[in-house]
Participant: 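One structure follows; several queries about it will come next.
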Amino acid sequence: MSIDRLKQLLPPPVAPIELGQPDEWLAVEQRLGIALPADYKDYITSFGTGYLGKFLWIFSPFARKTTLNLECQIRVRLDALREIKRQFPNDVPFKAFPESGGLLPCGATGNGDCLYWLTEGAPEKWPILVNESRGPDWVRFAMPLTAFLVGVLRRDIVCEIFPQDFPQPGASFESRS
């Protein structure tokens with residue numbers, strides 16, 4: 001599984017923060033009205049809140065800080081996305097969650113780029129889309145979130161939107177809330 005490969009590349013913190021409990025995951029999914037990918041839940045359960053390589057944040061439903069909280073960021077980012085799509089329809093060629101097959105934000109970079117799941121089909125098969133900050137460019141990766149993270153960290157995947165020097169050799173995960 002890609003979460004196991006990720007843990008080998010990027011050891012989780014000894015004392016991760018803001019993990020959530022199994023019954024809390026159910027409540028989150030009920031509030032959202034959608035099941036979340038198992039690899040994402042494994043990631044949050046293993047790593048908690050923090051960032052990879054001092055650059056890439058994965059939103060957590062258990063983060064206290066609104067800028068890192070999945071549910072808060074879904075509202076904020078999708079409101080912004082809808083407004084951009086209203087003003088510049090060609091810049092956002094996707095629907096927004098909760099529409100069927102809509103975008104659902106799952107992370108962001110220190111540069112303001114946003115990572116989304118494209119919610120088409122089963123959650124385990126949702127591709128990752130990266131949208132550049134303040135721009136119309138989108139890059140699609142047909143893989144689950146943790147496989148995307150493994151590919152980026154190993155430099156098997158190059159996301160043209162990310163800086164060329166990310167990730168730095170020896171990139172680590174740092175707990176932060």
Participant: Shared ILVMFWY cluster between Y51 and F162, side chains joined below 4.5 angstrom?
Facilitator: no
Participant: How long is the straight-line distance from CG of L9 back to OG of S2, given to the nearest 0.5 Å?
Facilitator: 11.0 Å
Participant: Are F141 and L36 co-members of a hydrophobic cluster defined by side-chain heavy atoms under 4.5 Å apart?
Facilitator: yes
Participant: For the pair F173 and Y43, name the ring-plane relationship: parallel under 30°, tilted 30 to 60°, perpendicular over 60°.
Facilitator: perpendicular
Participant: Once you round to the nearest 0.5 Å, how far does CG of D79 lie from CD of Q73?
Facilitator: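 Result: 11.0 Å between the selected atoms.
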Participant: Is there side-chain contact between I161 and T109, with heavy atoms separated by less than 4.5 Å?
Facilitator: no
Participant: With sequence neighbours excluded, give me every salt bridge (charged side-chain N to carboxylate O under 4.0 Å, His left out) pair touching residues 40-57.
Facilitator: E29-K41
Participant: Between E24 and R31, is there a salt bridge with N-O shorter than 4.0 Å?
Facilitator: no
Participant: Supply the atom-to-atom distance I58 CD1 to L115 CG, rounded to the nearest 0.5 angstrom.
Facilitator: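 Going from CD1 on I58 over to CG on L115, the span is 5.5 Å.
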Participant: Ring centroids only, cut at 6.0 angstrom: are W138 and F94 within range, meaning strictly under it?
Facilitator: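 Here the rings of F94 and W138 have centres that are less than 6.0 Å from each other.
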Participant: Answer yes or no: is there a donor N or O on one side and an acceptor on the other, between the side chain of T49 and the main chain of R176, under 3.5 Å?
Facilitator: no
Participant: Scan residues 87-99 for pairs that pass side-chain hydrogen bond (donor to acceptor under 3.5 Å, both in side chains), counting only residues two or more places apart or in two chains.
Facilitator: E83-Q87
Participant: Looking at every heavy atom in both P127 and A142, which two are closest together, and how far apart are they?
Facilitator: CB-CA, 4.0 Å
Participant: Evaluate salt bridge (charged side-chain N to carboxylate O under 4.0 Å, His left out) for R140 paired with E120, printing each intermediate quantity in order.
Facilitator: CA-CA 13 Å; R140 180 182 178 138; E120 47 186 29; 2.8 Å; yes
Participant: Indicate if I34 and I44 have the same hydrophobic cluster label, given that clusters are the connected sets of ILVMFWY residues with side-chain heavy-atom separations under 4.5 angstrom.
Facilitator: yes
Participant: Give the cluster check for W57 versus F148: same hydrophobic cluster or not, with ILVMFWY residues linked at side-chain heavy-atom distances below 4.5 Å.
Facilitator: no
Participant: Taking atom CZ of R154 as the centre, does the number of heavy atoms from other residues, nucleotides or ligands within less than 6.0 Å exceed 12?
Facilitator: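 No - once you tally the heavy atoms of other residues, nucleotides and ligands closer than 6.0 Å, there are 12 at most.
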Participant: With hydrophobic residues grouped by side-chain heavy-atom distances under 4.5 Å, do I17 and V28 end up in a single group?
Facilitator: no
Participant: For Y40, run the side chain to side chain contact (heavy atoms under 4.5 Å, CB included) check against I3, L70, T146 and tell me which one passes.
Facilitator: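 So the option named by the test is L70.
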Participant: Would you please classify the geometry between the F166 ring and the F55 ring as parallel, tilted or perpendicular, with 30° and 60° separating the classes?
Facilitator: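 The arrangement is tilted - the two ring planes meet at 30° to 60°.
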Participant: Atom CZ of residue position R134 - does it have more than 12 heavy atoms of other residues, nucleotides or ligands inside 6.0 Å?
Facilitator: no
Participant: Quick check, are the ring centers of W25 and F62 under 6.0 angstrom apart?
Facilitator: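 Yes, they do, as the ring centres are separated by less than 6.0 Å.
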Participant: So C114 and L103, side-chain contact (heavy atoms from CB on, under 4.5 Å) or not? Walk me through it.
Facilitator: CA-CA 11 Å; C114 192; L103 295 174; over 6 Å; no
Participant: Is E174 reaching over with its side chain to a backbone N or O of L52, donor-acceptor style, under 3.5 angstrom?
Facilitator: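 Here the side-chain-to-backbone pair does not exist.
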Participant: Please check this pair: side chain of W126 against backbone of G121, looking for a donor-acceptor N/O pair closer than 3.5 Å.
Facilitator: yes
Participant: Hey, could you give me the CD1/CE distance between I128 and M143, rounded to the nearest 0.5 Å?
Facilitator: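 The CD1 atom of I128 sits 9.0 Å away from the CE atom of M143.
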Participant: Restricting to non-hydrogen atoms, name the atom on R64 and the atom on S177 that form the minimum distance, rounded to 0.1 Å.
Facilitator: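 Closest approach of R64 to S177, heavy atoms only: NH2-OG, 4.0 Å.
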